[in-house]
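Remarks on the structure that follows.
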Amino acid sequence: MSTVPLKNDRLIKALLRQPVDRTPIWVMRQAGRYLPEYRATRAKAGDFLTLCKTPELACEVTLQPLDRFPLDAAILFSDILTIPDAMGLGLYFSEGEGPRFERPIKTEQDISKLAIPDPEQELGYVMDAVRLIRQELHGRVPLIGFSGSPWTLATYMVEGGSAKVFANTKALMFDRPDLMHQLLDKISQSVTQYVNAQIAAGAQAIMIFDTWGGALNTQNYLEFSLAYMKQIVDNITREHAGQHIPVTLFTKGGSQWIEAIADTGCDAVGLDWTIEIGEARKRVGERVALQGNMDPCVLYASPDRIRQEVAHILESFGKGNGHVFNLGHGIHPTIDPEHTAALVNAVHELSARYHED
């Protein structure tokens, strides 16, 4: 693991609510199909899974957005479904249908058979990518590691892929909550070991993506999603190589629960675009940093309009520490990279005045 000191530590400082000179920015899915260089590397790999499972290529695409934009963080290029794949479900991608599993969870026996993968064995290619990225970054910016949340991973594992109404997952949750808890507990242990291995390999911050927590009502969200994210927060390595490792929890569609998310002990709460960031700040106070929260579709608008939206979000958050600028979800594949450049430049330029003494 590289031990080069960070040249740009804005992200880490902001996540820990320490003073910065400008609001840091990174973008969910910043390494992705909207970049022509990514598409070229993806073509070279032949398919998406090969891209994920080849550390040199995963490193290459992780660094591509940093070579193009002055972003304040790199995020490991991988996929949230690496864990269920390593648990033996047989991940594959079919054209136009997204991720699928050959062996989805259907019975009690399927759950009892699931093994918790060794992150340095079954998921060793991810750890090799983390080590290589840290080496190649030379301390330019911090590296964010990540995982899907237990609930989100469970939806894919039970549905066998993407879903709209989560019929099978919710049927299991409502009819056999005991089995759903067994499944979530195994996934939670797997996620904890996975992100701790990423930290040992060199990840300097961790983000947990709860993409489908917003599909639950409050009672079920607290019991089947947030409780397991808290379990992960409680067991993540929070200090490594003399540094605090900040943890961000992000539930898409979760703005009604941000106080409960902040109470888990995480360092930052990720926000989608359905809440005013100033209102979120009032609600959580100084307990956590906030990450977000521009609607990704703003990037289809003109650079002037993007700048206006950046100005509005910065003003809504206001002066002081603890804001990491991001989109409210992943960048869309059809966005013009020049518009991403306009976003990054606007954040750096317009945010300085919110950090003056």
Side-chain angles (χ1 to χ4, degrees), residues 11 23-54 56-82 93-99 129 133 136-137 140-146 148 152 162 207 209 211 248 250 252 270-274 291-310 313 324-350:
L11 175 90
T23 302
I25 176 170
W26 69 277
V27 177
M28 287 190 257
R29 288 203 203 114
Q30 64 190 24
R33 285 175 290 168
Y34 75 106
L35 292 176
E37 54 268 44
Y38 170 89
R39 294 196 296 271
T41 308
R42 163 80 171 68
K44 183 168 72 178
D47 63 80
F48 179 74
L49 267 182
T50 302
L51 186 57
C52 289
K53 292 188 174 187
T54 309
E56 294 75 17
L57 297 180
C59 176
E60 187 178 313
V61 294
T62 297
L63 299 180
Q64 283 170 348
L66 300 176
D67 294 336
R68 191 186 265 264
F69 314 115
L71 293 155
D72 294 297
I75 180 162
L76 165 69
F77 180 81
S78 188
D79 191 87
I80 63 168
L81 299 181
T82 52
F93 286 81
S94 54
E95 209 53 52
E97 279 188 37
I133 294 161
E136 294 300 315
L137 276 170
R140 279 162 73 183
V141 291
L143 173 62
I144 303 166
F146 74 92
T152 290
S162 304
M207 180 152 169
F209 287 90
T211 311
T248 303
F250 171 67
K252 185 168 183 279
L271 304 172
D272 67 17
W273 62 91
T274 61
Q291 178 178 282
N293 67 333
M294 194 174 94
D295 185 333
C297 288
V298 174
L299 291 175
Y300 288 117
S302 67
D304 283 349
R305 181 65 187 87
I306 293 166
R307 191 179 172 86
Q308 283 173 28
E309 195 66 18
V310 168
I313 291 167
V324 173
F325 204 105
N326 208 315
L327 303 178
H329 202 238
I331 191 167
H332 297 305
T334 49
I335 292 296
D336 180 345
E338 290 305 312
H339 289 206
T340 308
L343 165 67
V344 177
N345 293 334
V347 170
H348 284 154
E349 192 183 323
L350 299 176

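The backbone N or O of P296 sits nowhere less than 3.5 Å from a side-chain atom of H329 that would complete a donor-acceptor pair. A side-chain donor-acceptor contact under 3.5 Å links Q30 to the backbone of A73. A donor-acceptor distance shorter than 3.5 angstrom exists from the side chain of T152 to the backbone of T211, with no hydrogens or angles considered. Under the 3.5 Å distance criterion, the side-chain polar atoms of N326 are matched with a main-chain donor or acceptor of W26.
Heavy-atom minimum distance, A45 versus L57: CB-CD1, 3.7 Å. Closest approach of P65 to Y34, counting heavy atoms only: CB-OH, 4.4 Å. Here the shortest heavy-atom pairing between M28 and G328 reads CE-C, 3.9 Å. For G330 against R29, the heavy-atom pair with the smallest separation is CA-NH1, 3.7 Å. Across all their heavy atoms, P70 and H348 have their closest contact at O-CE1, 2.9 Å. Counting all heavy atoms, side chain and backbone alike, I133 lies closest to A58 at CD1-O, 4.5 Å.
Atom CZ of F146 sits about 7.0 Å away from atom OG1 of T82, to the nearest 0.5 Å. For the atom pair CZ of R39 and CD of Q64, the computed distance is 11.0 Å after rounding to the nearest 0.5 Å. Put simply, CG on L327 and CG on L271 are 12.5 Å apart, with the number rounded to the nearest 0.5 Å. Within the model, atoms OG1 of T23 and CG of D72 stand 9.5 Å from one another, a figure rounded to the nearest 0.5 Å. Taking CD1 of I306 as the reference point, atom CG of L299 lies at 5.0 Å (rounded to 0.5 Å). Put simply, CD1 on I313 and CZ on F325 are 4.0 Å apart, with the number rounded to the nearest 0.5 Å.
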Pair T41-L51, side chain to side chain contact (heavy atoms under 4.5 Å, CB included): steps then yes or no
CA-CA 8 Å; T41 308; L51 186 57; 3.9 Å; yes

Checking Q291 against T248 for the side-chain hydrogen bond (donor to acceptor under 3.5 Å, both in side chains) test, could you report, in this order, the C-alpha distance in whole Å, the side-chain angles of both residues, the deciding distance, and whether it holds?
CA-CA 8 Å; Q291 178 178 282; T248 303; 4.6 Å; no

Run the side chain to side chain contact (heavy atoms under 4.5 Å, CB included) check on L49 and F93 step by step: do they pass?
CA-CA 8 Å; L49 267 182; F93 286 81; 3.9 Å; yes

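Applying the salt bridge (charged side-chain N to carboxylate O under 4.0 Å, His left out) rule to R33 yields no partners; only residues at least two apart in sequence or on another chain are considered. Checked against salt bridge (charged side-chain N to carboxylate O under 4.0 Å, His left out), R140 has the following partners two or more places apart in sequence or in another chain: D67.
Looking at L343, V27, T340, I25 one by one, the single match for side-chain contact (heavy atoms from CB on, under 4.5 Å) with F69 turns out to be T340.
Residues S302 and D304 bring no donor and acceptor atom of their side chains to less than 3.5 Å of each other.
Taking the six-membered ring where the residue is Trp, F209 and F250 present perpendicular rings, their angle passing 60° and hence far from 30°.
Residues V298 and W273 fail the side-chain proximity criterion, which asks for heavy atoms closer than 4.5 Å.
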